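A short write-up of the structure that comes next.
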Amino acid sequence: MYKQAADDVYSVTKGKDSLRMEPSADRKMSEKTEKVVLKKKITLLRGISIIIGTIIGAGIFISPKGILQNTGSVGMSLVVWTACGILSLFGALCYAELGTCIKKSGGHYTYILEAFGPLPAFIRVWVELLVIRPAATAVISLAFGRYMLEPFFIQCEIPDLAIKLVTALGITIVMVLNSMSVSWTARIQIFLTFCKLIAILIIIVPGVLQLIKGETQNFKDAFIGKDVSVMGLPLAFYSGMYAYAGWFYLNFVIEEVENPEKNVPLAICISMAIVTVGYVLTNVAYYTTITAEELVLSSAVAVTYAERLFGSFSLAVPIFVSLSCFGSMNGGVFAVSRMFYVASREGHLPEILSMIHVRKHTPLPAVIVLLPLTMVMLFTGDIYSLLNFFSFVRWLFIGLAVAGLIYLRYKRPEMHRPFKVPIFIPALFSFTCLFMVALSLYSDPINTGIGFAITLTGVPAYYLFVIWDNKPKWFRTFSERATMMLQILLEVAPTDKHNP
């Protein structure tokens, strides 16, 4: 799709008929000892920290409100939390199989490409770039901004502009960190994961003590309340699945994982066990202190809970929660930038996105491309409409990717599968995802309709940018020169030939 405009970023020469770049002498010498590639730096511990650190973000602190509103009772909300945990575990097991038999980074995009071909894969990465990732980053970042400012606005409402400015700063820091170093990004993610687990324990332990003391009044007649409607249930599941979202992110960086056949299934299973137990106990802890009505009215459930039990010490909770949100932002950007990197390598996105920094070995262009679109999402829309907006598109393609696992079982039975799940697991998971997507068209037609319309724009975009080879000469010239200038500016170069 895109002609390679350059081979190095330091020496530029002007040929007779075209502008080209040649490796400098220093670069030629360094290439003898070090290849320009993404290195395998993701150990088992780092893999666990990516999954847990990305899952536990704002969801457990924001989503209880959305789930309770759409289920109508304490008991039913806990059922949905448990069901979402089991469903996410099934999806994670499916991705463990896909990640160990298809050892390419890119996650959903790569699996759809392998199973169903380039058009649906392009649509997946197109909608990820335009909608899903900017919206997801905006949602978690808004929670980061709110919790970061919470201790400074105890007696009054936090101004929306202040939240968005702090959020914008946080997003920028995450982008810079992911652009500078893979190792430091991973180390910070491990630290932030421990902060998340501490925040969860700060909520769970007092809740268990409350239960021991007999504080069970909020669990009496737990299933009495508003009747569950066909319209509300898929939105409740969206809120719950959003809270568990992140179990698939290790698959986005498979090529950087040490011993993926062993570490990917281990990291996924360990992470999902910790998160599911932690989430259900956290919700039980909330209801030992907060009534259903109070939880719905609270804009920061974890802070309300802490104020009741800890008094002045409750100021520590929003700090831990903001760190948790920051870790989720960091893990999401780290993982999804690899999807854009792989899609560019396959010719589905501009060539510049498949290049990496010549010294830092990070996919710099694929990271910073997210910044402008995320800022647009951040300063437009409400957090819950954003959540419903990108959930439709996300779960449509995750369900399709897992359906691809079933298809590959029959299309390529000879494929080496070190980890294999029973066939009913991908069947149940993909059916549930697609069923929720269908119901969402009925229950929230405006947001899901927008998501569906944006998804369909990927079809003409595919034929315009990928299939159409005879583009005007001015367009090809502009593309080549823009690619070369960005290489020089960002100090990036094409990777050495990839061997999957």
Side-chain angles (χ1 to χ4, degrees), residues 55-91 139-140 143 199-200 202-208 210-211 215-247 272 274-309 317 321 324 383-388 391 395 432-433 435-436 439-440 443-444:
I55 293 177
I56 303 176
I60 190 61
F61 310 109
I62 293 177
S63 290
K65 176 181 176 180
I67 290 177
L68 186 59
Q69 282 177 325
N70 289 294
T71 56
S73 67
V74 170
M76 196 62 196
S77 71
L78 292 176
V79 169
V80 169
W81 274 105
T82 305
C84 287
I86 295 170
L87 192 61
S88 297
L89 175 62
F90 283 178
V139 168
I140 188 67
I200 292 290
I202 287 175
I203 293 171
I204 291 175
V205 172
V208 171
Q210 290 286 92
L211 286 175
E215 297 290 339
T216 59
Q217 63 272 17
N218 292 334
F219 298 99
K220 292 177 181 177
D221 301 323
F223 289 90
I224 294 178
K226 186 179 69 175
D227 291 335
V228 180
S229 66
V230 175
M231 293 181 65
L233 197 56
L235 295 181
F237 266 90
Y238 274 166
S239 291
M241 295 301 285
Y242 164 68
Y244 283 99
W247 48 263
M272 289 310 301
I274 292 172
V275 172
T276 303
V277 172
Y279 271 15
V280 174
L281 290 179
T282 297
N283 279 277
V284 171
Y286 283 150
Y287 291 121
T288 62
T289 305
I290 303 173
T291 66
E293 293 77 15
E294 290 169 336
L295 190 142
V296 169
L297 293 174
S298 174
S299 61
V301 179
V303 174
T304 303
Y305 172 83
E307 286 172 349
R308 296 280 178 86
L309 292 181
V317 172
V321 175
S324 175
I383 192 168
Y384 280 101
S385 64
L386 282 177
L387 173 59
N388 297 332
S391 287
W395 296 111
T432 305
C433 285
F435 180 69
M436 286 197 304
L439 280 180
S440 70
S443 64
D444 190 12

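Since we're looking at a predicted model, the values are computed, not measured.
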Please report the interatomic distance OG1(Thr289) to CD(Gln210), rounded to the nearest 0.5 Å. 4.5 Å
Over all heavy atoms of both residues, which pair between Ala285 and Gly207 is shortest? Give the atoms and the distance, please. CB-CA, 3.8 Å
For Ala292 and Val74, work out which heavy atoms get closest and say how close. CB-CG2, 4.0 Å
Side-chain touch Thr432/Phe90, heavy atoms, less than 4.5 angstrom: no
Working note: Thr71 + Val79, criterion side-chain contact (heavy atoms from CB on, under 4.5 Å); need CA distance, chi angles, decisive distance, verdict. CA-CA 10 Å; Thr71 56; Val79 169; over 6 Å; no
Note: Ser88 and Tyr244 closest approach over all heavy atoms is OG-CB, 3.2 Å
At what distance, to the nearest 0.5 angstrom, does CD of Glu307 lie from CD1 of Ile290? 9.5 Å
Do Leu68 and Tyr286 have side chains that approach each other closer than 4.5 Å (heavy atoms only, starting at C-beta)? no
Distance from Tyr305 atom OH to Ile202 atom CD1, nearest 0.5 Å? 10.5 Å
For Asn70 and Ala236, which heavy atoms make the closest approach, and how far apart are they? CB-CB, 3.6 Å
In Å and rounded to the nearest 0.5 Å, what is the OH to CG distance from Tyr287 to Leu295? 5.0 Å
Which value, rounded to the nearest 0.5 Å, describes the distance between Asn283 atom CG and Leu78 atom CG? 6.0 Å
Here the pair of heavy atoms bringing Met272 nearest to Gly85 is CE-O, 4.3 Å
Identified side-chain contact (heavy atoms from CB on, under 4.5 Å) partner of Leu281 from the options Ile204, Val208, Ile203, Ile200: Ile204
